[in-house]
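Remarks on the structure that follows.
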Amino acid sequence: MIALVDCNSFYASCEQVFRPDLKGKPVVVLSNNDGCVIAANKEAKALAYIPMFQPVYKIKKELKENNVVCFSSNYTLYSDMSQRVMNTLREFSPLVEEYSIDESFVDLSGHSKSQVIETAYEIKHRVKKYTGIPVGVGVGNTKSLAKLANRYAKKLAENEGVFVVDSEEKRIELLKWTKVKDVWGIGRKHAVRVEKTGAKTAYDFAKLPVAWVRKNMTVIGERLWRELQGEICNELTILPSAKKGIGTAKSFGYKLTDYGLIEEACAFYIAEVADLLRQQGSAAGKIEVFLTTNSFSNTDKQYRNRTIITLDTPSSSTIKLTKLALKGLRKIYRPGYRYKKVGVNLFNIMPKDNLQLGLFDVREKIENEALTKAIDLLNDRYGKNKVKVATVGNREKEWALIKEHRSPRCTTQWIELLEVS
DNA sequence: TCTGGGGTCCTAGGACCC
DNA sequence: TCTGGGGTCCTAGGACCC
């Protein structure tokens, strides 16, 4: 059996762990630039007018009137809390697949039926005790069933956050309760198609002819269909596979017209993604750079463009990648627009040790590598971005994200440690 | 005035090869 | 006048997830 453990309103819960005074109060967490609501605790959800991804400026009044506590997102804190939750889960099984920042699949094979139920409750209890984070636990024969069971566990109060699909009756109960659009793997588009056949619940979906599913929802849909019957199509995997693409793209805190600032942001992002690239021991063969104005605006002139640069030899050197990316940026930049976002993506990622070198690359490669190593070492010791490519500059405040309500990074920075009086 | 960011996988179709 | 069949690789776009 497989358990899916999912943290309740994870970001909001993380904030509340360090603010016990907020118990029982509505709390929301905002996206980058404090733009949208991306997490809400149950008190905030009870105020029905806070749908996720709602732009903050549209509901500012309501947030204030109801004394909803707002936090800017604090990913440093959330990642660290996530690791604490995952480490607790590893006490239950060596096979834990981290599916996202706030959920994991845990292998429970080899347990008897009663042990499974007992373990499910124990997981919930222990994670809360060790980390302060409330979780729901769903268990089933397949990932898809575990996922639906988790949802059922949380949504139906009498399940108390735990639901185990250990019989055919339970499986049918779960599928009949779950609406088509709420099935994991059926999004908006597919939900419409499925509902057109007359199917209303996951149970109805599982009764559709497999050929129809295959034709309309590709092999992914077919796997889901089979998993809902209890047939395993998606195995658990412990090791995170090396990323196929690494990218970053963030909206500026302000609309930018100054090319120099856009260049700084672009170079900054390259440094970030190149760092990730080196951490996984890879090199990239292609860089994409894109630039866009604010598509929501009715008044701004619109422009968006992108360019892809192919490297002669795959590289993970921040210096080399920066040079090429900025060349690309120059190519697509047009003056006279108010830009909203710049982004970079690295593709054609491959392991660094068995690269095919170009005829003239050897010397440059060696030089760059020693330099890059030295920079990484300094930044590890003295803090992120202490040594950087000059283009990055020091004007971050003029383009970086707005975070007006960020909580302290209490678990990763000595200086921001919580004080208890 | 103010609207997130980071991923994965699959398919169809074009270019190219023999 | 008549012009095949089988394959690979790449890319763009679509759909989904958190």
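By convention in this document, chain letters (A, B, ...) are assigned in the order of the sequence lines, proteins followed by strands, and residues within each chain are numbered from 1. Worth saying up front: this structure is predicted, and the values here are computed from it rather than measured.
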- Message: As a test of reading the structure: which of B:dC2, C:dA15, C:dC18 is closest to the side chain of A:Arg193, going by heavy atoms?
- Response: C:dA15
- Which word best sums up how the rings of A:Tyr152 and A:Phe163 line up, parallel for under 30°, tilted for 30 to 60°, or perpendicular for over 60°? perpendicular
- Message: Taking A:Glu91 first and then A:Arg126, would you say they form a salt bridge - that is, a charged N and a carboxylate O separated by under 4.0 Å?
- Response: yes
- Task: Figure out the CD1/C1' separation between A:Ile59 and B:dT3, and round it to whole Å.
- Result: 11 Å
- Item | Sugar-phosphate, base or nothing in reach of A:Ile186, heavy atoms under 4.0 Å | sugar-phosphate
Which pairs, protein N/O on one side and nucleotides 8-11 of chain C N/O on the other, fall under 3.5 Å?
residue	atom	partner	partner atom	Å
C:dT11	OP1	A:Lys286	NZ	2.5

- Do you know the tightest heavy-atom contact between A:Trp177 and A:Arg151? CZ3-NH1, 3.5 Å
- Query: With a 4.0 Å cut-off on heavy atoms, is A:Phe53 in touch with a base, just the backbone sugar-phosphate, or nothing at all?
  - Reply: base
- Nearest-Å distance for atom pair CD/P, residues A:Glu98 and C:dC18: 16 Å
- When all nucleic acid strands are considered with a 4.0 Å heavy-atom cut-off, which category describes A:Lys60: base, sugar-phosphate, or nothing? nothing
- Query: Looking at A:Tyr99 versus A:Trp184, is the centre-to-centre ring distance below 6.0 Å?
  - Reply: yes
- Just one of A:His405, A:Arg406, A:Lys403 clears the side-chain contact (heavy atoms from CB on, under 4.5 Å) bar with A:Ser73, so which one? A:Lys403
- Message: Using whole Å, what does the distance between atom P of nucleotide C:dC18 and atom CD1 of A:Ile101 come to?
- Response: 14 Å
- Task: Measure the distance from OH on A:Tyr11 to P on B:dG6 and round it to the nearest whole Å.
- Result: 11 Å
- Message: Measuring from the side chain of A:Lys58 (C-beta onward, heavy atoms only), which nucleotide among C:dA15, B:dT3, B:dG7 has the closest atom?
- Response: B:dT3
- Heavy atoms only: give me the nearest A:Leu346-A:Val273 pair and the separation to one decimal. CD1-CG2, 3.8 Å
- If you check every side-chain atom of A:Ile38, which of B:dG6, C:dA15, B:dG4 has the closest atom? B:dG4
- Query: Dot-bracket for DNA chain B, 5' to 3', with Watson-Crick and G-U pairs under 3.5 Å, [ ] for crossing pairs and | for other-strand pairs: what is it?
  - Reply: ....||||||||||||||
- Task: From the options C:dC18, B:dT3, B:dG6, select the nucleotide whose nearest atom is closest to the side chain of A:Lys340.
- Result: B:dT3
- How long is the line joining CD1 of A:Ile349 and P of B:dG7, in whole Å? 9 Å
- Message: Measure NZ/A:Lys181 against P/C:dC17 and give the value in whole Å, please.
- Response: 12 Å
- Message: Under 3.5 Å, is there any donor-acceptor pair linking the side chain of A:Tyr57 to the base of B:dT3?
- Response: yes
- Item | Centroid-centroid under 6.0 Å between A:Tyr11 and A:Phe71 rings | no
- Message: In whole Å, I'd like the distance from the CG atom of A:Asn345 to the C1' atom of C:dA12.
- Response: 14 Å
